[in-house]
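One structure below.
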Number of protein chains: 2
Amino acid sequence: MIENEIFRALGDPTRRTIFEKLAAGGMNASALRDGMEISQPAMSQHLSVLRNARLVREERQGRFVNYEVDPQGLALIARWLAKYRAYWPARIDALKIMLKDMDQ
Amino acid sequence: MIENEIFRALGDPTRRTIFEKLAAGGMNASALRDGMEISQPAMSQHLSVLRNARLVREERQGRFVNYEVDPQGLALIARWLAKYRAYWPARIDALKIMLKDMDQ
DNA sequence: AATTAACATAAGTCCATACTTATGCGATTG
DNA sequence: CAATCGCATAAGTATGGACTTATGTTAATT
């Protein structure tokens with residue numbers, strides 16, 4: 001059950017911060033640590049969790065490992081959320097935004 | 001940071017099962033336990049976590065407490081997800097479904 | 001070839017959390 | 001009003017998870 005790993009991965013604030021940074025543009029593990037006060041092994045372990053949740057994917061580049069957002073994880077969340085669309089209030093702003101953006 | 005409580009709440013498979021049951025229709029805590037092999041205190045604790053995450057809300061009815069899905073939690077997930085819409089592949093089925101349903 | 005740099009992995013520690021049993025509490029029932 | 005029912009809460013336990021300090025591995029650098 002991949003949903004379990006996805007939600008658990010996002011349940012940690014440090015990992016959400018890492019994910020947000022990657023959403024702004026792919027970068028390697030060392031670059032991710034900049035301004036984050038986190039040890040190298042801790043970062044590596046967090047990236048491993050995000051990778052197993054399909055939220056992030058890696059791309060070896062020499063001795064660097066470039067990380068980037070993996071759309072699979074996000075798509076799975078969207079799919080999970082879609083199951084409960086009956087409960088979304090019609091006027092929720094976020095949904096309007098989503099609609100507008102998908103329209104283009 | 002409510003997002004933390006939301007994702008952590010959904011990170012537990014038992015709580016996702018409870019949420020799914022409630023999505024099919026509101027019911028009280030005892031009814032939720034049916035066919036679930038879970039103790040009464042455990043259920044009560046799970047409901048407390050879901051309630052704090054705004055995923056579920058309660059409604060006292062005499063000595064029963066009826067639980068139902070709270071749209072707030074789902075809306076917050078949708079909002080979080082919307083921040084990363086740049087990464088959704090255009091062809092993801094779930095998104096098409098979402099669009100279609102919101103169109104009506 | 002030896003060193004260094006980027007990253008992963010191993011092992012141990014500490015705290016969070018999912019459970020248990022026991023008990024409390026308010027609302028119905030007899 | 002005493003007993004029971006639906007549920008919450010308290011307290012203890014055991015497992016999981018986020019960190020630490022080594023150490024390993026692979027690739028570039030000299």
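Order of the sequence lines fixes the chain letters, A, B, ..., with proteins taken first and strands second; residue numbering starts at 1 for each chain.
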Worksheet item: Counting only N and O atoms by type, is there a donor-acceptor contact under 3.5 Å from the side chain of B:Thr17 to the main-chain atoms of B:Pro13?
Response: yes
Worksheet entry | Donor-acceptor contact present, side-chain B:Tyr87 to main-chain A:Leu74, <3.5 Å | no
Worksheet item: Closer than 4.0 Å, any side-chain N/O of B:Tyr67 to the OP1 or OP2 of D:dA8?
Response: yes
Item to complete: Strictly below 4.0 Å, heavy-atom distances to any atom of DNA chain C: list the hits from residues 26-35 of chain A, or just say none.
Response: A:Asn28, A:Ala29, A:Ser30
Item to complete: Kindly check if the number of other-residue, nucleotide or ligand heavy atoms within 6.0 Å of CD (A:Glu37) is above 12?
Response: no
Worksheet entry | B:His46 side chain, from C-beta outward: closest of C:dC7, D:dG6, C:dC19 | C:dC19
Item to complete: Might you work through the side chain to side chain contact (heavy atoms under 4.5 Å, CB included) test for B:Gln61 and B:Glu59, ending with a clear yes or no?
Response: CA-CA 6 Å; B:Gln61 281 175 351; B:Glu59 187 186 346; 3.7 Å; yes
Fill in: Whether B:Arg51 side chain and B:Ala53 backbone form a donor-acceptor pair below 3.5 Å
no
Discussion item. Contact list please: residues 1-18 of chain B against DNA chain D, heavy atoms, distance less than 4.0 Å, in numerical order.
Written reply: none
Item to complete: Please confirm whether the backbone N or O of A:Met43 pairs with a side-chain atom of A:Arg33, one donor and one acceptor, at under 3.5 Å?
Response: no
Discussion item. Quick one about B:Arg16 and A:Asn4 (side-chain donor to acceptor, distance below 3.5 Å, no hydrogens or angles considered), yes or no?
Written reply: yes
Worksheet item: For the pair made of CG in B:Leu47 and P in C:dC19, what is the distance, rounded to whole Å?
Response: 12 Å
Discussion item. Tell me whether B:Arg54 contacts the main-chain N or O of B:Val56 through its side chain, where contact means a donor paired with an acceptor under 3.5 Å.
Written reply: no
Item to complete: Determine, for nucleotides 20-30 of chain D in 5'-to-3' order, which nucleotides have protein heavy atoms under 4.0 Å from the base (write B), from only the sugar-phosphate (write S), or from neither (write -).
Response: BBB----SSS-
Worksheet item: Whole Å only: how far is the CE atom of B:Met43 from the C1' atom of D:dT9?
Response: 17 Å
Worksheet item: Is A:Arg15 reaching over with its side chain to a backbone N or O of A:Ala9, donor-acceptor style, under 3.5 angstrom?
Response: yes
Response to the item:
Rounded to whole Å, CZ of B:Phe64 lies from C1' of D:dC5 at a distance of 8 Å
Item to complete: Taking A:Arg57 for its side chain and A:Asp70 for its backbone only, find out whether a donor-acceptor pair lies under 3.5 Å.
Response: no
Worksheet item: Do B:Asn66 and B:Glu58 touch side chain to side chain, with heavy atoms closer than 4.5 Å?
Response: no
